[in-house]
Visitor: 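Before anything else, here's the structure in question.
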Amino acid sequence: MIEPLIRPTRRRLLRGLAGAGLVTAAAPFVSRGRAAQARSAGDPFSLGVASGAPRADGFVLWTRLAPEPLSSDPRTPGGMSGGDVTVGYEIAADSAMHDIVRRGEAVAEQAFAYSVHADIRGLQPGRPYWYRFTGADAASRIGRAATLPAPGAAVDRLRFGFASCANYEHGYFSAYRHLTDENPEFVLFLGDYIYEYIEQRRPTVRRHSDGIEAATLPTYRNRYAQYRLDPDLQRLHAEVPALVTWDDHEVQNDYAGKWSETFDDPEIFLLRRAAAYRAFYEHMPVRPILSRPDGPRMRVYDRFTFGDLVEISMLDGRQYRSREACYAPPNKGGTHLETNATCPERLDAGRSMLGFAQEAWLHNGLARSQAQWNLIAQDVLMAQYRLKFNEQEGFSTDSWDGYPANRARLLQYIHERKVRNAVVAGGDTHSYFANDLRLDFSNEASPVVATEFVGTSISSAGPPYEPIARALPDNPHVHFFESRRRGYVAVDLERANMQVRMRVVSDATDPKADISTLRTFAVEGGRPGVVAA
Ligand code: FE
Ligand code: CA
């Protein structure tokens with residue numbers, strides 16, 4: 001066990017905790033380089049704490065030192081200056097932090113905006129732990145983490161949630177608050193965790209603080225800091241371990257690989273992507289070795305196994321994409337509707353949403369999985385959706401409909417290898433969907449090989465209901481669609497049954513909104529497809 005350089009006294013810890021966000025940071029942190037210190041008297045742990053990337057013997061604990069979280073000076077991110085900083089951490093077996101099982105130290109790296117990614121190993125499997133960070137006469141709030149069950153261990157039930165699309169300007173994060181209150185064992189963030197742009201057309205309830213579209217490292221950092229100051233999101237991270245992937249708005253609307261929606265030079269756009277990925281890393285509880293960004297490259301796809309019950313493949317649906325089909329003016333670079341006649345390129349088998357390396361990784365993982373359920377957690381709608389919209393008709397080029405050959409390869413693989421109980425979770429559409437995933441969506445006799453649930457947005461405004469709902473008869477594999485409500489998905493998983501509750505807030509523009517269940521669906525073990533619960 002490593003002793004921390006700063007071993008806070010009980011008095012200091014209590015004072016820090018009693019300060020409730022008002023602790024002073026006058027004393028310097030222990031610095032590895034030049035004397036680093038908080039430049040003002042703000043709480044260095046203002047952005048809270050998070051745990052994620054669980055393993056059977058550990059997890060990643062995250063914080064970021066930011067006494068001035070929305071500091072606009074790019075030379076002093078979060079109001080910090082100087083070299084790397086060492087902080088202490090404590091891990092306990094109980095929520096009151098009486099039974100401390102580990103004390104250690106971790107580095108808040110100057111190069112990564114003084115974020116901490118403490119990769120903890122050597123703990124007991126399948127149980128919760130509590131933790132806090134200490135330093136500079138202050139202590140963070142207490143967070144809850146959890147290890148995965150031992151490989152193959154019998155697990156009878158699991159509750160988790162999934163969430164996507166939290167536009168800060170469009171609403172409050174009441175959905176995050178109610179998700180926390182359900183005490184899930186973990187939460188999946190499926191993308192659009194932040195929004196890079198500034199809303200110009202729709203009503204807003206609060207504004208992105210800097211008033212400019214994020215496109216540089218300081219502006220992306222500012223966005224994450226502002227979102228993490230939201231009390232509902234901050235509490236969700238403190239109380240519920242997170243598994244994370246991204247969608248487009250962590251970088252730019254509808255980007256694909258190195259191709260921007262705005263037809264930028266790909267080499268220039270990759271500089272923007274590098275800044276965005278770096279800021280994502282700095283604010284998420286992801287593995288420091290696997291996920292540390294390398295310029296515009298960052299690995300976020302990963303796999304998590306909960307004993308014998310479920311294996312979760314978290315996918316990256318953006319970084320490795322082929323260019324969107326028919327990427328040229330007068331189309332937008334991103335979403336447009338195309339038919340086979342208007343855009344035969346869409347059908348090209350040489351195109352991939354996941355990239356061929358990630359496709360192989362996914363297929364191999366599904367083939368080897370011993371779990372009763374196999375959850376494929378990713379960013380966008382997988383089912384085909386034939387649409388007629390504003391005189392246009394066809395398929396979206398930005399969802400899996402833009403990459404039908406990749407979708408067919410995956411569904412064919414699940415079918416041939418008899419992958420057990422494959423369920424897809426997604427976001428991006430700001431709508432609820434419950435779908436049967438058929439080998440051939442245009443043939444109602446084609447076998448259903450997997451089940452899909454798409455969660456609506458936490459707060460982002462939904463697309464117009466009528467034109468999409470009108471197309472439901474053209475999409476008989478879609479059991480349910482609703483774009484007018486905001487919320488999250490709660491899943492109760494048992495060996496024989498998956499129950500999916502579509503949870504909705506009363507009003508996303510009300511910070512005190514209450515919660516209810518819009519619809520409940522189920523999947524029965526051994527029988528792919530949506531059933532009414
Ligand atoms: Fe979104
Ligand atoms: Ca999106």
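Start at 1 and go down the list; that is how both ligands and their atoms are numbered. The structure presented is a predicted model; accordingly, all values stated were derived computationally and were not measured. Any value given below was found using the heavy atoms of this structure, including those in side chains, with hydrogens, waters and symmetry copies removed.
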Visitor: If you consider just the N/O/S atoms, which atom of Asp247 is the closest one to the Ca ion (ligand 2)?
Guide: OD2

Visitor: Between Ile458 and Leu179, does the side chain to side chain contact (heavy atoms under 4.5 Å, CB included) criterion hold? Intermediate values first, please.
Guide: CA-CA 10 Å; Ile458 293 292; Leu179 173 54; 5.8 Å; no

Visitor: Would you call Arg321 and Asp254 a salt bridge, taking side-chain N to carboxylate O under 4.0 Å as the test?
Guide: no

Visitor: For the ring pair (Phe, Tyr, Trp, His ring centres under 6.0 Å) test, which of Phe173, Phe189, Phe186 pairs with His237?
Guide: Phe189

Visitor: Cation-pi check, Arg235 to Tyr176: give yes when NZ or CZ is under 6.0 Å from the six-membered ring centre and within 45° of the ring axis, no otherwise.
Guide: no

Visitor: Regarding Asp248, does it place an N, O or S atom less than 3.0 Å from the Ca ion (ligand 2)?
Guide: yes

Visitor: Examine all N, O or S atoms of Asp398, backbone included, and report whether one is under 3.0 Å from the Ca ion (ligand 2).
Guide: no

Visitor: Nearest N/O/S atom of Asp428 with respect to the Ca ion (ligand 2), by atom name, please.
Guide: OD1

Visitor: If we ignore angles and hydrogens, is there a donor and acceptor under 3.5 Å between the side chains of Asp264 and Thr262?
Guide: yes

Visitor: Measure from the Ca ion (ligand 2) to each N, O or S atom of Asp192 and report whether any distance is below 3.0 Å.
Guide: yes

Visitor: Report the residue from Phe521, Phe453, Phe480, Phe481 that forms a ring pair (Phe, Tyr, Trp, His ring centres under 6.0 Å) with Phe433.
Guide: Phe481

Visitor: Checking ring pair (Phe, Tyr, Trp, His ring centres under 6.0 Å) for the pair Tyr227/His208: CA distance, chi angles, key distance, verdict?
Guide: CA-CA 9 Å; Tyr227 281 55; His208 286 145; 5.6 Å; yes

Visitor: Given a threshold of 2.8 Å, state how many protein N/O/S atoms are nearer than that to the Fe ion (ligand 1).
Guide: 4

Visitor: Salt bridge check: are Glu213 and Arg272 linked by an N-O gap of less than 4.0 Å?
Guide: yes

